[in-house]
2 protein chains.
Amino acid sequence: MARYRVGLETRERILAATRRLLSEVGIEGVTLKAITDQAKVGAGSFYNLFDSKDDAVFEVVREAVEAVDPDPAGAGTDSLEDLVDAFVAFMTGSSPIARIYLQLAGRGLTDTGIAVRVLRSHRRRVERFTDAWQREDPTLSEREAQQRAETMLAALTGLGMTTLMDPGFDMRTHAMRLLPDSALVRGA
Amino acid sequence: MARYRVGLETRERILAATRRLLSEVGIEGVTLKAITDQAKVGAGSFYNLFDSKDDAVFEVVREAVEAVDPDPAGAGTDSLEDLVDAFVAFMTGSSPIARIYLQLAGRGLTDTGIAVRVLRSHRRRVERFTDAWQREDPTLSEREAQQRAETMLAALTGLGMTTLMDPGFDMRTHAMRLLPDSALVRGA
DNA sequence: TACATATTGGAGCGTCCACTCCAGTTTTGC
DNA sequence: GCAAAACTGGAGTGGACGCTCCAATATGTA
């Protein structure tokens, strides 16, 4: 889309504005007008660079979600605890993008296009957790490790929802109970 | 609101229409016009009986969610397995209201009014699960049982989201792993 | 420099939607 | 049977919002 330098810069300004709005007023507050006002750009410029409003929103959320990974390089050195810790930090941290992420997932329940994107990032995460499980306990079968990873992530997601709705909820304690040391997600 | 017989009947027609629409076209498809058309009622009649569109939607979802309970009387005879089973059935069953429920929860992440309603029903459910845990293992402290209940529900919610987005996902198997026989949610 | 192409702002279009208003009708209690 | 109050339909209001269109301008290339 953007081919000239100015275009690329405008694109960045738009993404920054979207990011800021998502954080400050939530997903409902992100209207096209809000974005273009914040970015000091006309609607025409916006559509010269993005196909739709959601395009910009997805881009911002995708970046934020990827940043959750404590080991983006995927070097395979992060422990289960690291992963859980990073997830908890994401949910309880100051960035309100966590809310947005779960809300998008909620929308994915009826919008197939969104579901595909959410599932894709979910699967990536399951892989990371599966690897960590096997590193923790090399005797685990691939299948078993994957089931534990899936269950663990599900629990983390559910705990995340509760903590986002109920600020008094102690997510970290509950989440730590999921670690193998606590014998919580160990299989049959 | 409704004081006369006709009013109560109209109210029921409106709720039935809303229920049907939620099932057939999802939460986005439920517009006031859709409801009033389906119920064969004027907008004025609607607002004579409900304060807002969301009022009717909440009422329908609340009824559906309460119906999940295998033992509505709360006689305290349902086992953990019964509860988990009922939850899985709700999520994987034919009623699309499960989607709506999770979507509303998603909205609750930014809408305080919704969060309050969602948390209220969440807490009720945690109580039921806590009781069941204590029935299963009477040596459990209240606190421990409650933590296990919270974790279990979180995992079920997360698994529910995955299964709603990915029809190929085997929720039942994963959910059953959470039962004490499978040593999954047992504490430290 | 000259030209093709990218970029720009923003007025305005089309649509959708929750909700109000109200005059007329029906129901109910007495 | 009568009055008060509830109920009714639906036209109309006000506003939000995503996106298009386009003339004017800036940018990069040869």
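Below, chains carry the letters A, B, ... as their sequence lines are ordered, and counting in each starts from 1.
Between A/Arg148 and A/Thr130, every side-chain heavy-atom pair lies at or beyond the 4.5 Å cut-off. B/Arg128 has its side chain within reach of B/Asp78: a pair of non-hydrogen atoms, C-beta onward, lies under 4.5 Å apart. At least one side-chain heavy atom of B/Glu150 sits under 4.5 Å from a side-chain heavy atom of B/His122. In this structure the side chain of B/Ile35 reaches within 4.5 angstrom of the side chain of B/Ile14, judged on heavy atoms. In this structure the side chain of A/Arg11 reaches within 4.5 angstrom of the side chain of A/Phe50, judged on heavy atoms. Residues B/Leu159 and B/Met91 form no side-chain contact, since every pair of their non-hydrogen atoms from C-beta on lies 4.5 Å or further apart. Considering only heavy atoms from C-beta on, A/Ile27 comes within 4.5 Å of A/Leu104 through its side chain.
Residues from residues 43-55 of chain A that place a heavy atom under 4.0 Å from any atom of DNA chain D, listed by number: A/Ala43, A/Gly44, A/Tyr47, A/Ser52, A/Lys53. Contacts with DNA chain D (heavy atom under 4.0 Å) in residues 11-37 of chain B: none are found.
Between the P atom of C/dT8 and the CZ atom of A/Arg5 lies a distance of 11 Å, rounded to the nearest Å. In this structure, B/Lys40 atom NZ and D/dG10 atom C1' are separated by 16 Å, rounded to whole Å. In this structure, the OH atom of A/Tyr4 is 13 Å from the C1' atom of D/dT25, given to the nearest Å.
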Inset, instruction - Using the salt bridge (Lys or Arg N to Asp or Glu O under 4.0 Å) rule, take A/Arg5 and A/Glu9 through it: C-alpha gap first, then chi angles, then the decisive distance, then the call. - result: CA-CA 6 Å; A/Arg5 209 197 68 249; A/Glu9 283 169 4; 3.2 Å; yes
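Comment: A/Arg123 engages B/Asp166 in a salt bridge, judged by a side-chain N to carboxylate O separation of less than 4.0 angstrom. Ion pair A/Glu66/A/Arg62 flagged as a salt bridge, since at least one NZ, NE, NH1 or NH2 atom sits closer than 4.0 Å to an Asp/Glu carboxylate oxygen.
Over its full length, the helix from C/dT1-D/dA30 to C/dC30-D/dG1 turns its helical axis through 30°, comparing axes from the five pairs at each end and rounding to 10°.
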